[in-house]
Engineer: 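What follows is a structure written as structure tokens; I'll ask about it next.
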Amino acid sequence: MIAVTCRNGEHFSVDPGAIERVETDPDTVVHLVDGRKYVVAVGFDELLCLLHEYAASTVVARQRLAGGVAQIVERRRPAMRIERRARSRDTDSGRPVPGDVPPDPDAD
């Protein structure tokens, strides 16, 4: 929610998702999707800055939540074991990949 002030001094909050459009002729008029409209005391540029700050804060909050969840999951995950393949990923032809050690046929 963003806080705005009407020309008559009334303070209220608006959900940025409920804003359909904003007009400036000469006053800044906010049109909501439900048909209501408000003449606000702030200019068009300041209103846009409020909307951008709100959008940026929601993005940061989502990233923090995602990062927090990933950190918790990462701590509980067991160590990953990595092994080299005896075959090439591209063809799986059975030809050894350069630098790979061929499997020992006697090992079992």
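Both backbone and side-chain heavy atoms feed into the values below; hydrogens, waters and symmetry mates do not. Position 1 is the first residue of the sequence; numbering continues from there.
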Engineer: Test side-chain contact (heavy atoms from CB on, under 4.5 Å) on Thr28 and Leu47 and set out the steps.
Structural biologist: CA-CA 9 Å; Thr28 306; Leu47 185 61; 4.1 Å; yes
Engineer: In the single-linkage hydrophobic clustering (I, L, V, M, F, W, Y; side-chain heavy atoms under 4.5 Å), do Val29 and Val33 co-cluster?
Structural biologist: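 Val29 does not cluster with Val33.
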Engineer: Which distance, rounded to the nearest 0.5 Å, do you find between the NE2 of His31 and the NZ of Lys37?
Structural biologist: 5.5 Å
Engineer: What pair of heavy atoms forms the shortest contact from Ala3 to Leu50, and how long is it?
Structural biologist: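 In terms of heavy atoms, the two residues are closest at O-CD1, 4.0 Å.
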Engineer: According to a 4.5 Å side-chain heavy-atom criterion applied to Ile, Leu, Val, Met, Phe, Trp and Tyr, with indirect links allowed, do Leu48 and Val40 form part of one hydrophobic cluster?
Structural biologist: yes
Engineer: Give the cluster check for Val30 versus Ile2: same hydrophobic cluster or not, with ILVMFWY residues linked at side-chain heavy-atom distances below 4.5 Å.
Structural biologist: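 Yes, Val30 connects to Ile2 through the hydrophobic network.
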Engineer: Considering non-hydrogen atoms only, spot the tightest contact between Leu32 and Glu20 and give its length.
Structural biologist: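 Heavy atoms only, the tightest pair is O-OE1, 3.6 Å.
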Engineer: Please identify each residue that fulfils side chain to side chain contact (heavy atoms under 4.5 Å, CB included) with Cys6, with sequence neighbours left out.
Structural biologist: Asn8, Glu10, Phe12, Tyr38
Engineer: Quick one, Leu51 with Ile19, criterion side-chain contact (heavy atoms from CB on, under 4.5 Å). Give me CA distance, side-chain angles, the key distance, then yes/no.
Structural biologist: CA-CA 10 Å; Leu51 293 170; Ile19 296 175; 3.9 Å; yes
Engineer: Hey, is the main chain of Met1 close enough, under 3.5 Å, to the side chain of Ser13 for a donor-acceptor pair?
Structural biologist: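 Not at all, since once roles are kept as given, no pair shorter than 3.5 Å links the two residues.
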